[in-house]
Each structure stands twice: as C-alpha cells, then as structure tokens.
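The figures that follow rest on heavy atoms only: side chains count, while hydrogens, waters and symmetry mates do not. A note on names: the letters A, B, ... follow the listed sequences, proteins ahead of strands, and every chain is numbered from 1. Bear in mind the structure is a predicted one, so any value in this text is a computation, not a measurement.
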4 protein chains.
Amino acid sequence: MIPVANSRSDSPMPSLPQPRRIPRQSRSRALVEAILEATARVLTERGYAGTNTNLVAERAGVSVGSVYQYFPNKDALLTALHERHAAEMHAAMERALGSPSAAGADTRDLRSKLASLVQAWLAAHRVAPELHRVLEKEFPFFDAPADQSPTDQGIRQRIRALLDEHRSEVVPQDPELATWVMVQTMESLIHAAVIPPGAPCSAEAAGQAIVDLLAGYLCGQARRALP
Amino acid sequence: MIPVANSRSDSPMPSLPQPRRIPRQSRSRALVEAILEATARVLTERGYAGTNTNLVAERAGVSVGSVYQYFPNKDALLTALHERHAAEMHAAMERALGSPSAAGADTRDLRSKLASLVQAWLAAHRVAPELHRVLEKEFPFFDAPADQSPTDQGIRQRIRALLDEHRSEVVPQDPELATWVMVQTMESLIHAAVIPPGAPCSAEAAGQAIVDLLAGYLCGQARRALP
Amino acid sequence: MIPVANSRSDSPMPSLPQPRRIPRQSRSRALVEAILEATARVLTERGYAGTNTNLVAERAGVSVGSVYQYFPNKDALLTALHERHAAEMHAAMERALGSPSAAGADTRDLRSKLASLVQAWLAAHRVAPELHRVLEKEFPFFDAPADQSPTDQGIRQRIRALLDEHRSEVVPQDPELATWVMVQTMESLIHAAVIPPGAPCSAEAAGQAIVDLLAGYLCGQARRALP
Amino acid sequence: MIPVANSRSDSPMPSLPQPRRIPRQSRSRALVEAILEATARVLTERGYAGTNTNLVAERAGVSVGSVYQYFPNKDALLTALHERHAAEMHAAMERALGSPSAAGADTRDLRSKLASLVQAWLAAHRVAPELHRVLEKEFPFFDAPADQSPTDQGIRQRIRALLDEHRSEVVPQDPELATWVMVQTMESLIHAAVIPPGAPCSAEAAGQAIVDLLAGYLCGQARRALP
DNA sequence: TATGAATGAGTATTCATTCAT
DNA sequence: GATGAATGAATACTCATTCAT
C-alpha cells in the first residue's frame, strides 16, 4: 500500500481528519460554513493545485488562523466537503427510497426504485458539477478512507438493504458482489454523465441508460417490457 | 473548462502536452524509455505528491535537463504514462477482439467477445495495480483530455465497431450512448476491481459480474442462458 | 532526555546535521562561504529568533534554494558555524601548544602552556564576540551533539594529553575529571570575559585570573611563586 | 547590546520584563503560581521551541487572556521563572552561609563555607535538572539582563561579602575580579555537572572538584592539607 | 476580571524550471 | 545534446497577542 503523500507533511494519512473542534455556537457554525463554502468555491474555480488555505481563508473572509482553528490541515477541508457531499447523497437516497425500516410501505418494483434513486442523484449532481468533478475525480484517493466513513457505509448498506428487499427479483447470487457492482456503477456513471464532457445525450437519456444497465444486471432484463 | 493549476506555471493546460521532440535515434528513445520507467516507478512508490522531476531524473540516471529535453513539463510525464497505458489497453483489446478490419473472421457472439475483453483488461491491470491506481485515481482529471487522445479515441471506436458488428444482438437504440455506457462502465469497474480494496470477491468473479452487467445491458439478459 | 524542538520540524535532532553536498569546486566553496558568512552576520545582528533562512540567503546574495542545496535545514547553518568556531579554537590550541605528537619539544611548564592557550583563545574570541555570544550562549543546546563532534573531541583530547604530559605536576587524581573541569572552566570563563558585559577588568587581567584559577586547581598553587 | 528578537514583536527587549501587575490578592497569587508552574512543566517537557503561551495557559487551567493579565509577553514568563530560580539559589546560599549581617557567627574557614555553598547549589539543581538545562542553556541570553536582576545582584554581593569576610585568606588582589571569577565558575560548573551528559563522575566528586578549583584559586592551594 | 475565539505576520522548506557550461 | 547548479515563487501551518463578550 502506498503512503499517499497528500498534504505537505508526508505523514501517513490517519483515517479521516476530523474538525478540530465541534462547533456548537452559531457563530462557530457560521464560520465553518463560510470556510467550507469558500473551499468549495476555490476548488471549483482553481482545482486542487490552485487551492491553498490562505486563499480559502481570504475568500471566506476569515483569517488563516481561523481555518486552522476548525480544520487541522488542508486535507481536512476537502474531506469535510466530501463528507458533506456524501451526506447529501445519503439524504437524496432516503428521499428517493424511503427509510429501510419502513419497508413494505414502498410497493414499487426494484426498477422503479432504481429509477427514482438515479434520478435523485443525477439532480443532486447537476447543482455543482464542477465541484463534484474535483471532489470525485481529482481526489478519489480520498475514497479509500471515505469508504470507511459512516455516511458512505450508510449508502452501501441502504443499497444492500434494497437488494435484500427485492431478493426475489434479483438474479445475481452474491448480494455482496451485487451491491459492490451497483454502488461502483452508479457513482461512476452518474459522475461521468454530469461532468463535462458528459454523456453524449440528454441527462434524462443518460439516466434512463443507467437504470437500464442496473436493472438489466439485477433483474435479468434491460427493458421493462420486451414484447 | 477549469484551468487546473497542475504544473507550477499557472497557465491553463492546453489540451495534451506533447513530447517536445519525437525522438528518432535509438539513444533518445532509450532515454525517453528510462525517464518514463523512472516516472512509473516513482509514482508507484511515492504517489503524486511524492513525485517530482528531479527525483525522476535521478532515478532515470539522467539529469533534469534531459527530462526537460523530451518533456515540456511535469504533466507531460504523467500524460505520456497515461498514453502508454491507453496504448497497452488498446493492444490488449486488439488481441482480444481482433482487428476490426478482420470482421467476420471472429464468429463468437457479443457476450463471448466482451468476456475476452474484460478478461484481457483485468489481466493487464493486475500487472501494476498501484501504478494504475495513481494514474487513474490520483489523476483522473487527465481523463477528460485523455478522452481526446488518439489512443482513447481508438478504444472508443473499437467498442463502437464491436456494437455495430453485433447490432442485431444489441438492444439499446442509441449506439453512441451505448458505447459511452460500455466504456465508462468497463473502465471504472475494472479499476475498482483491481485497485485496493477492490471487489469483495475473486478477480474471476468480478470479471464475470462485469460481463454480466455489460451483456445484460446490451443483450437484454444478464445470464447467457435463463431457462 | 528532552527532545529539544529546535527547528520547525519537531523531529528529534539526529546527531550532527551535515552539509547536503560536500563542495569540491571552488564556486561551490565560495557559495558555502558566502552563506556561512551571511549567517554569521545575521546571527550577530539579529540573534537567533531574528535569523531566518530567507534573510540569510538574501544577505549572502544567493537564493534560498541554494542555501538548501548545501544545508539540509536551518540548524545545519548554525551547526556549521559552530563547527567552524570549534575548528578555529582547535587551530589556535595547536598553535599555542604544538601538536601532541611533538611532545618533549615544548619544555615549558604546565602553567606557561595554559597561559598561552588562554591567551590564544581570548584573542580568537575578541574577533567577533557577539557572534560567539549567540553561538555559545543562545545555542549551547547545540553543545550536546557538538560535544560528539570530532573537533570538540579533539580539543578535549588535546587537553587530556596536556595533563598527561605534565602528570607529575598535576595534583588532581582523576585525569578524566580534571579534563572536564579544565574544558568547562576555560570555555565558560573565556566567553564570560569576552561577551558583554564581560569581566570587570581588562582582558589581560581576566586572562591572568583564568590562568590562576586553572593552575591553582591543577598545580595546587595559584601564583607562580608565593614567597 | 543586541536587540534579541525573542518575542514576536521585534522591538528591542527593554531590560527585564516585569509582571504587569504585582498580585496582592491570594487568588491572583495562586493564578501566577499556577501559570509559572505550568510554564516550568511545559518547558521541561518540550523545551524552548515547544513552549507557547496557549499551551502554558491550557496546562495552567487558565485562559491565555489571564496569562497576559499577569505577564506582558512570553519572555516575561521565562524571566519570572529565571528570577524564581535565582531566588531559590539565593535562599539556598543564605542557608548555607548564614546572613551576612550575622557575620562572625560562622567561624568556619572559607573552604568549608564554599563546600557548603557548592553542596547546597548542587542539591538544588538536582531537583529539576531538565528545567535548569532549558533555563540556563537554552536561554542564557537572559543571563545578561538577569545579571542586573536584584536577586542575581544579591548573590553576587553575598559572594563578595564572603570574600571580604575572609580577606585575610584570599590571595587574589582584586576583590571585584575574584567575585566575578567565583560566580561565573560556580554557575557554569554546577550546571555542567548536573545537566546531562554531566560530569564524568559522581555528583559528590564533581562538587569536591569544584570546591578544589575555587579554593585553589582563592586560597592558593587546592587541597586542604598538602604535606 | 476572565475568557478564548480570532487574528495575521512570519518562516522553513519544496520543486518546477532555466541556462551557463 | 547533456548537465546539474541555481533560482525563487509558492504554501502549509504556528503562535504571540488582542479584544469583544
């Protein structure tokens, strides 16, 4: 395993960097918010190499010191942004699928649910595609630790639960493997679809194709109804 | 397009950096080879942040000046490595599918050909997974320009040709879109399967799953034979 | 043992920092000379906290990069200066005492030799007392490693040899201990004498007093001749 | 005098920084005590570079603001600690020699008194050698101003008084010079003896050697009785 | 008074790139 | 062509100090 020298200090990245202090007061929260907002903006405009803590601080209208008051290092900014993104995706998923505990309430078939999910995620990514590009394509090496982040785990588990709910419709035998295929495929294709140059078609068509792909794999037939 | 400030000079990266001179003499070629080899080694051992031109030169047993004789800047090294990788993939594809001009010679069905291709690519990636990890996961922002690289275009076209050859078996209507789905899916899943932590199963099983996914999408059924 | 966080990096100081490359060509040597000269000047003018590598480089008329080409870090500059000082003291000692191998050639008694040595060292320190102040008083924590430097060892050994040569005149039993007392006393008193506010008397008188002190300890009587 | 740029503000240090307010209430005194205690602890554990006001405040269980309520700047903390040390040495000296006003009461000869003093100081330094190491070796540039501190003056004067009491036994003519030699020698050798790597012998033997050195200088013979 | 969040100047070090030899 | 010494802009991070609450 390569020790990815990601920040200046060549120390091996110790799992997920956490905010230095959990902000409780509203002022602190606003500060953290402003810092993350500025990070997102700078990241979007200048990419990874062009992003530096001093600039982020300036853009956020705070001092560098304040940035370091809440984030132990530069990577923590990116990680926080990543986490926030994962949380948004998780929320979008919950909205699209409902909570797993409320199973049975949702009587749609697997394909319909997949369509909802893909739709919701595509919509969420269209908000700030450039930011996601940087976050997901320039720093996927944050994915390894991020995969162990609770939010990412949550996403994976929800997908797994979805497959379990519909296990009678699901063709692939190994649910673990099927979950992996699902998550990898959805993430990469949704990003590829949204991020320039994007898919060679409308977002709707791309979404449709992704659903076809997934449903074809899971249910053994790509099209809902083949005459 | 975002001007990714990747090299020291903040100038927006103008498409693909090309080798400063195409070396014709064998000595030059050996030099370029040594430099790229060293780049690959350093990249594998130390990741992106740990890679720098001086170290590459040292490892290659050349002076920095010589590196800059053949590569206009640091990014050109990585781009060249990426191109080389794409070329290898292209060659593996040719071996697996045969040249498109020799169509008709290969009488296997689409699924069999897909299986060969996935097999070949998985095998090719297992040779130096760490290098691919860095190349594909730390620098996927090269992907966009790389998509415009001739080699990548070649891969895309070969896949497109494959779908055309089997257009009778292919369910999706839009061949352009189908090609896009194919390429994106294969690339991301193969990388995900090979790069740690990898797929939650054997490489064979992962390959099988990828083929199932692709064939399900293209042919309308995931399993070769469903009774 | 306390890990003295001396440079910015909190890493434990690994014995003596060595120049990054041993300069062979005259230009390099001149560069190193200029850098050390500048370091000495800055150190003298601004003390430890006021000394920084960028300023040193500027004063030396070179770029920071060049400083780091020859010295791995800031401390190495100070260490080099310290070493150079020790070497000067060693040379002054050789001149005052003669080489130990040529024993017998010098027929003076112990007290005379001590007087020569003290004299020589006082003179050497009067050249740049402020520099020595900083070197010896602001950074004596460099002494611990420096004590293991070959030059400092050389000084200690020469003193030890001197005591051995005159073992018949020397009262204290333990030569190891006597050497320690000698070295510590000479160093601290000479520095104290030269560095402002210095001794409450002329340099000559101070030197005389130091010789009295040492000779009194070693030979059992402070004055050369007490009637 | 060199303007040692020791605190962040580059202003030349104006002699001795004094506590901002002399605390009269017990709570204040306790606060000051806690702060100094914490300073000593941090200094001992982390050395000069590792010591910072925020950490000191935290260790003291106070806010930084409170530190600055009683100490105008960081150096004042160290100066106060140094003063406290000097005071302890002064007290130890009083205990060993008796108050100078009570002269005549102590009928011991000079050498005995010196032995007592050296003994007492060695013992005092063995309590927290690391702290003294930092205090005396990392910051001896405080020595110059410290020499002007009342407590240090007190020590000097007491030594001077001692020499006067025994002026009949004292060989060196200039009492001012003799005092200077005494103070410098005792301080540096006691520190050298206690601070690692220390003297190449037991503390007792080192103390004995120091007394021999001083007595030899003052009284003209190193050993109490030479047959 | 006490607090501690906020400040921001300051600094060691790196590394892509150049160019005189 | 090849070399590698020299360059110097760039940047993460610290910490003494302030001041609104």
Counting only non-hydrogen atoms, which of residues 51-59 of chain D are less than 4.0 Å from DNA chain F? D/Thr51, D/Asn52, D/Thr53, D/Asn54
Of the candidates E/dA12, E/dA6, F/dA6, the side chain of C/Lys74 sits closest to E/dA12
Which nucleotide in the set E/dA5, E/dA2, F/dA5 lies at the smallest distance from any side-chain heavy atom of C/Gln69? F/dA5
Between E/dA6, F/dT7, F/dA2, which nucleotide has the shortest distance from any of its atoms to the side chain of C/Val62? F/dT7
Taking only side-chain nitrogens and oxygens of B/Ser63, does any of them come within less than 4.0 Å of OP1 or OP2 of F/dT3? yes
Might you point out which heavy atoms bring D/Ser66 and D/Leu31 nearest each other, and give the distance in Å? CB-CD2, 4.4 Å
Looking only at F/dC13, E/dG4, E/dT13, the nucleotide nearest the A/Asn73 side chain is F/dC13
Helical stems, DNA chain E - three or more consecutive Watson-Crick or G-U wobble pairs below 3.5 Å: E:2-21 with F:2-21
OP1 or OP2 of E/dA6 versus the side-chain N and O atoms of A/Tyr70: is any pair under 4.0 Å? yes
Taking only residues two or more places apart in sequence or in another chain, which ones pass side chain to side chain donor-acceptor pair (under 3.5 Å) with C/Glu37? none
What nucleotide, of F/dT3, F/dA9, F/dA2, holds the atom closest to the side chain of C/Val64? F/dA9
Below the 4.0 Å mark, does E/dA6 have OP1 or OP2 next to a side-chain nitrogen or oxygen of A/Ser66? no
Output all residues satisfying salt bridge (charged side-chain N to carboxylate O under 4.0 Å, His left out) with A/Arg41, sequence neighbours left out; order by chain, then residue number. none
Which residues pass the side-chain contact (heavy atoms from CB on, under 4.5 Å) test with B/Val67, not counting sequence neighbours? B/Ile35, B/Ala57, B/Leu77
Taking only residues two or more places apart in sequence, or in another chain, which ones meet A/Glu58 in a salt bridge (charged side-chain N to carboxylate O under 4.0 Å, His left out)? none
The nucleotide from E/dT13, F/dG8, E/dT1 with an atom nearest the side chain of C/Tyr68 is E/dT13
